[in-house]
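Working notes, structure below.
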Amino acid sequence: MVHLFRTSLGVMALAAAAFGPGGGALAANGPFLAHQALYDLNLVKSRSNSVNSARGRILYNFTGNACEGYTSEFRQVSELDSGEGKVTLSDLRSNSWEDAAGKSYRFKIETRMNEADAGRVDGSAERDGDHINVKLKLPAPKSFTLDGKIVFPTEQIQRIIAAAKEGKSLLELSVYDGSDDGQKVYNTLTVIGQPIPADRATSSDPSTADEHMKSLKRWPVTVSYFDRDAQQKEGEQTPVYAMSFELYENGVSRQLVLDYNDFVISGAMGKFDVKDSKPCN
């Protein structure tokens with residue numbers, strides 16, 4: 001359970017969902033925002049009574065454009081209290097870059113639990129025809145190939161927004177983001193709800209109050225992540241975790257909820273700052 005709470009996949013996917021717009025057809029609809037956002041994490045409920053409290057913060061920076069690609073800098077610090085004085089502090093830092101066409105992806109991830117030595121993943125992935133070539137430097141040098149139908153995190157969000165605009169309610173994708181030891185692939189099922197008009201009244205946060213966001217519609221989205229290896233071996237259909245959020249058409253999201261089966265965490269946006277960005281020439 002603690003592993004799921006700190007998994008780089010969970011937080012990186014969250015970051016991608018919040019701030020990882022893709023290029024291609026989406027780029028033609030207007031520029032995406034370069035910005036910084038802060039989320040406050042809190043426990044919503046514990047289904048197994050194995051978690052007494054959970055809190056933390058996510059700080060995210062997003063920059064780039066469709067010509068130069070998109071860079072994400074991310075940090076999550078979380079504290080999980082399982083009772084009887086058992087408190088786990090996790091610190092995750094990641095830096096990733098993905099080109100707008102979804103062909104190249106680079107990532108560095110560092111995770112630390114309590115006072116233990118940090119675990120590090122460093123690698124890159126390049127799409128080549130019907131397959132993807134992955135090269136890892138850490139945790140150990142290794143090269144391998146993946147199915148070319150697999151997408152990277154930014155392209156995942158690009159496709160979700162495109163599906164939402166087309167009125168689709170379901171989308172299945174396999175995603176690689178370098179999580180765990182850099183060799184994990186997850187199958188995802190995205191459920192997209194009816195669009196929410198820009199003028200619909202809602203609880204406010206820094207995103208809804210921002211002038212860049214007031215005229216944009218959004219969709220309620222839930223993405224469930226399944227262990228691809230477990231499915232292939234055992235036919236397992238239970239998601240490792242799921243996350244829900246309202247996704248704006250420019251790639252920003254709000255009202256985040258992470259469901260890790262044993263417990264559920266909310267992510268309320270506490271700060272949202274738009275940054276200057278140069279246009280794509």
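Just the heavy atoms: all of them, side chains too, but no hydrogens, waters or symmetry mates, feed the values below. Just so you know, residue 1 is the first one in the sequence shown, and it goes up from there.
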Between CD1 of Ile192 and CD1 of Ile160, what distance do you get to the nearest 0.5 Å? 6.5 Å
Please check if Val221 and Ile196 belong to a single hydrophobic cluster, counting links between Ile, Leu, Val, Met, Phe, Trp and Tyr side chain heavy atoms closer than 4.5 Å. no
Given the rule in the ring-ring contact (aromatic ring centres under 6.0 Å, His included) test, do Tyr105 and Phe107 qualify, once you have shown the distances and angles that lead to the verdict? CA-CA 7 Å; Tyr105 179 57; Phe107 52 92; 5.3 Å; yes
Walk me through whether Thr63 and Tyr70 qualify under side-chain hydrogen bond (donor to acceptor under 3.5 Å, both in side chains). CA-CA 6 Å; Thr63 57; Tyr70 301 101; over 6 Å; no
If I take atom CZ from residue Arg47 and atom CZ from residue Phe263, how far apart are they, to the nearest 0.5 angstrom? 10.5 Å
Kindly say whether Glu68 contributes a backbone atom to a donor-acceptor pair with the side chain of Asn65 at under 3.5 angstrom? yes
Quick check: closest heavy atoms across Ser53 and Leu43, and the distance to 0.1 Å? CA-CD2, 3.8 Å
Are the side chain of Asp128 and the backbone of His131 linked by a donor-acceptor contact shorter than 3.5 Å? no
Output yes when a side-chain donor or acceptor of Glu98 lies under 3.5 Å from a complementary backbone atom of Glu155, and no otherwise. yes
Taking side-chain contact (heavy atoms from CB on, under 4.5 Å) as the test, write out the residues that go with Arg75, two or more places apart. Val77, Asp91, Arg93
Report yes or no: does Asn133 contribute a side-chain atom to a donor-acceptor pair with the main-chain N or O of Phe144 at less than 3.5 Å? no
Cationic tip of Arg254 within the cone over Tyr39's six-membered ring, i.e. under 6.0 Å and within 45° of the normal? no
Anything under 30° is parallel, anything over 60° is perpendicular, the rest tilted; go ahead and classify Tyr186 against Tyr225. perpendicular
What's the separation between atom CD1 in Ile161 and atom NZ in Lys165, rounded to the nearest 0.5 Å? 7.0 Å
Is the backbone of Pro239 close enough, under 3.5 Å, to the side chain of Asn261 for a donor and an acceptor to pair up by distance? yes
Scanning both residues in full, the closest heavy-atom pair of Trp219 with Gly193 reads CD1-O, 3.6 Å
Indicate the atoms forming the closest heavy-atom contact of Asp177 with Pro153, along with that distance. CB-CG, 3.4 Å
If only atom types and distance count, is the side chain of Asp180 paired as donor or acceptor with the main-chain N or O of Lys184 below 3.5 Å? no
Show, in sequence, the C-alpha distance, side-chain angles and deciding distance for Thr111 and Met113, and conclude whether the side-chain contact (heavy atoms from CB on, under 4.5 Å) test is met. CA-CA 7 Å; Thr111 56; Met113 298 289 289; 6.0 Å; no
Could you give the distance from CG (Asp99) to SG (Cys67), rounded to the nearest 0.5 Å? 11.5 Å
Assess the residue pair Ser78 and Leu41 against the criterion (side-chain contact (heavy atoms from CB on, under 4.5 Å)); give the C-alpha distance rounded to whole Å, side-chain angles, the decisive distance to 0.1 Å, and a yes or no. CA-CA 8 Å; Ser78 307; Leu41 305 178; 4.1 Å; yes
With ILVMFWY side chains joined below 4.5 Å, transitively, what does Val87's cluster contain besides itself? none
Nearest-0.5 Å distance that lies between atom CD1 in Ile109 and atom CG in Leu92: 7.5 Å
Is there a donor-acceptor pair closer than 3.5 Å between any side-chain N or O of Thr188 and the backbone N or O of Leu173? yes
List the steps and the verdict of side-chain contact (heavy atoms from CB on, under 4.5 Å) for Val51 and Asp262. CA-CA 8 Å; Val51 177; Asp262 284 347; 5.7 Å; no
Are Phe74 and Val274 linked, directly or through intermediate hydrophobic residues, by side-chain heavy-atom contacts shorter than 4.5 Å (ILVMFWY only)? yes
Check this for me, if you would: do Asp130 and Lys149 make a salt bridge, where the nitrogen-to-carboxylate-oxygen distance has to be below 4.0 angstrom? no
Under the side-chain contact (heavy atoms from CB on, under 4.5 Å) criterion, do Gln156 and Val223 qualify, and how do the steps go? CA-CA 11 Å; Gln156 176 192 13; Val223 185; 3.9 Å; yes
Establish whether Val134 and Leu138 are linked, either directly or via other cluster members, by ILVMFWY side-chain heavy-atom contacts under 4.5 Å. no
Which residues, ordered by chain and number, are linked to Val264 in its hydrophobic cluster, where ILVMFWY side chains connect at heavy-atom gaps below 4.5 Å, directly or through other members? Val44, Val257
With heavy-atom distances below 4.5 Å as the criterion, would you say the side chains of Ile132 and Phe152 are in contact? yes
What's the verdict on salt bridge (charged side-chain N to carboxylate O under 4.0 Å, His left out) for Asp122 and Arg106, showing C-alpha distance, side-chain angles and the deciding distance? CA-CA 8 Å; Asp122 185 349; Arg106 298 194 298 265; over 6 Å; no
Measure from the side-chain N and O atoms of Asn42 to the backbone N and O of Arg55, and report whether any donor-acceptor pair falls under 3.5 Å. no
Output the distance between atom NZ (Lys108) and atom CG (Asn95), rounded to the nearest 0.5 Å. 7.5 Å
Following the transitive rule for hydrophobic clusters with a side-chain heavy-atom cut-off under 4.5 Å over Ile, Leu, Val, Met, Phe, Trp and Tyr, establish whether Leu59 and Trp97 coincide in one cluster. no
Between Asp181 and Lys142, is the closest basic N to carboxylate O distance under 4.0 Å? no
Gln183 and its side-chain contact (heavy atoms from CB on, under 4.5 Å) partner, picked from Val121, Leu136, Leu146: Leu136
Nearest non-hydrogen partners of Lys217 and Pro195, listed with the distance: CD-CB, 4.4 Å
All heavy atoms of Ser174 vs all of Asn187, minimum pair found to be OG-OD1, 2.6 Å
Closest non-hydrogen atom pair between Ile265 and Ala54, with its separation: CD1-CB, 4.2 Å
Spell out, as yes or no, whether a donor-acceptor pair under 3.5 Å connects the side chain of Asn114 to the backbone of Ala116. no
